[in-house]
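Every value quoted in this text rests on a predicted model; they were computed, and no experiment measured them. Numbers here simply count residues along the sequence, with the first being 1. As the structure lists them, so they are numbered: ligands from 1, and atoms in each ligand from 1.
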Amino acid sequence: MTGFDLAKAPHVLTWELTRACGLKCRHCRANAIPKRNPRELTLEEIRGVLTDIRTNFAVPPLMVFTGGDPVERDDLDAILRASVAAGLHTAVSPSVTPLLTRPVLEKWAEIGVKTVSLSIDGATPEVHDGFRRMPGTFGASIQRAHDVKALGLGLQINTSLCGDTFPGLARMGELVKELGATSWEVFFVVPTGRGAVLPKITPGETEEALRFLAAYAQGVKFRVTAIAAPQYRRVTLETVPGAKRPSIPAIREAQGFVFIDHVGEVFPSGYLPVSAGNVREQPLSRIYQDSELFRSLRDPARLKGRCGVCEYKSICGGSRARAFAVTGDLQAEDPACPHVPEAEPDPSSPLKVVA
Ligand code: SF4
């Protein structure tokens, strides 16, 4: 990512094409619904946004089409073709339901999709199916993962981390290796949407999980990412011998990352429900580059509490989504991080470390 200016273009764009989904996952950020919303962006509107992306972002982002379940849209293949035709690196993140068949995956491979992301939250049916509230989803997810590999597509495994799945993280890491994944993204669940009522992990457990991932990443050849936990970079620097300080800021809300919802609202993240505008009213590129919300979230001088004085703030900055979900303040310190900076924080910060 050398030469990437995160103020000019996102590195990753996640697009919620619909909220319709056949599952009722316990952590669902989207509060998914059984039927499609008639106000969803149309294919023509989506094509218009793709043109803006291709024209006005000097380095185009990685496109991740998600939901709800994107397979619920009968024009999904046309959307994927438009993205590939625009020269964009295109990934799909479907739900594993009876709609996700091998022929569907074959069609995506033929269209030119690069990666398919599948969610597996625990290495056993008890953990995963309990989390997804649908018996049989674990076995079906393993089968689809094998299909994705057999078709030569990149296989990303997404794992949601909360009190229910934290104890099985190491075993989950083994399963990711066994499946031959090309990347593993661990989502540190933010208490928003249905995830607000899930059992939480403590800052001490968050640190333990990040230390595990930092060590795990040294032993595999694929990318390991911690979502909504940019302090992964601090933990890596502190625990991995020879780790070098990154030269660019962390990819986080509005800083290298942007989320479009099913009706065109633009958010700094799917976990941060504060809209910066709508693609029906202004170009995505302008919202990303110029909106006050996005600019403020990229400005480390606005951070408060421990994040505001932290020696790692230029490469971390904490999860703004979690800060907002817990405190209502976008710039508050990340309550999941137990790090005590060398400098004293502003005494007006209301949060205390609970390790
Ligand atoms: S205190 Fe904030 S900026 Fe520092 S490592 Fe923790 S989350 Fe990151």
Side-chain angles (χ1 to χ4, degrees), residues 1 6-7 11-12 160-162 166 169 185-192 195 200-217 224-257 268-272 274 293-355:
M1 284 208 311
L6 299 179
H11 183 59
V12 180
S160 293
L161 196 69
C162 67
F166 169 73
L169 184 62
E185 289 201 345
V186 179
F187 289 69
F188 286 70
V189 170
V190 172
T192 188
K200 297 177 182 50
I201 57 174
T202 65
E205 289 167 336
T206 301
E207 196 80 352
E208 189 182 329
L210 291 170
R211 284 171 182 259
F212 166 76
L213 292 176
Y216 175 93
V224 179
T225 313
I227 303 296
Q231 57 269 42
Y232 182 45
R233 292 174 138 205
R234 167 182 59 73
V235 171
T236 299
L237 280 173
E238 288 174 347
T239 60
V240 174
K244 293 202 169 48
R245 195 175 171 99
S247 58
I248 62 166
I251 304 292
R252 60 169 175 78
E253 305 89 348
Q255 181 172 275
F257 187 86
S269 142
Y271 296 111
L272 210 175
V274 180
L293 175 64
F294 272 53
R295 290 168 75 100
S296 69
L297 287 168
R298 290 192 290 262
D299 181 359
R302 303 215 195 180
L303 291 168
K304 299 178 186 170
R306 286 176 294 120
C307 291
V309 295
C310 182
E311 59 277 20
Y312 293 103
K313 76 173 176 180
S314 66
I315 58 161
C316 171
S319 166
R320 297 301 94 219
R322 184 173 295 97
F324 183 75
V326 174
T327 73
D329 185 342
L330 287 164
Q331 303 292 356
E333 66 187 31
D334 184 337
C337 179
H339 179 64
V340 179
E342 289 157 13
E344 284 284 321
D346 179 339
S348 65
S349 169
L351 289 166
K352 296 269 182 290
V353 180
V354 186

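The distance from atom 6 (Fe) of ligand 1 to the nearest N/O/S atom of C310 is not under 2.8 Å.
Between P341 and K313 the shortest side-chain heavy-atom distance does not fall below 4.5 Å.
Residue-ligand proximity, R234 to ligand 1, at heavy-atom distances under 4.0 Å covers atoms 5 (S). Close contacts between ligand 1 and C316 involve ligand atoms 3 (S), 5 (S), 7 (S), 8 (Fe) [criterion: under 4.0 Å to a heavy atom]. Using a 4.0 Å cut-off to heavy atoms of G318, the atoms of ligand 1 that qualify are 7 (S), 8 (Fe).
Taking atom 3 (S) of ligand 1 as the reference point, the nearest protein heavy-atom neighbour is G317 N, 3.5 Å. The protein heavy atom nearest to atom 2 (Fe) of ligand 1 is C307 SG, 2.3 Å. Summary of contacts: the protein heavy atom closest to atom 6 (Fe) of ligand 1 is C337 SG, 2.4 Å.
Evaluated for a side-chain contact (heavy atoms from CB on, under 4.5 Å) with L297, the options R302, Q331, Q255 yield exactly one hit, Q331.
Taken from CZ in R322 to OG1 in T206, the straight-line distance is 6.5 Å, to the nearest 0.5 Å. Residue L272 holds its CG atom at 10.5 Å from CZ of F257, rounded to the nearest 0.5 Å.
Looking only at atom types and distance, the side chain of E311 has a donor-acceptor partner in the side chain of H339 under 3.5 Å away.
Distance alone, capped at 3.5 Å, is enough to place a donor-acceptor pair between the S296 side chain and the L293 backbone.
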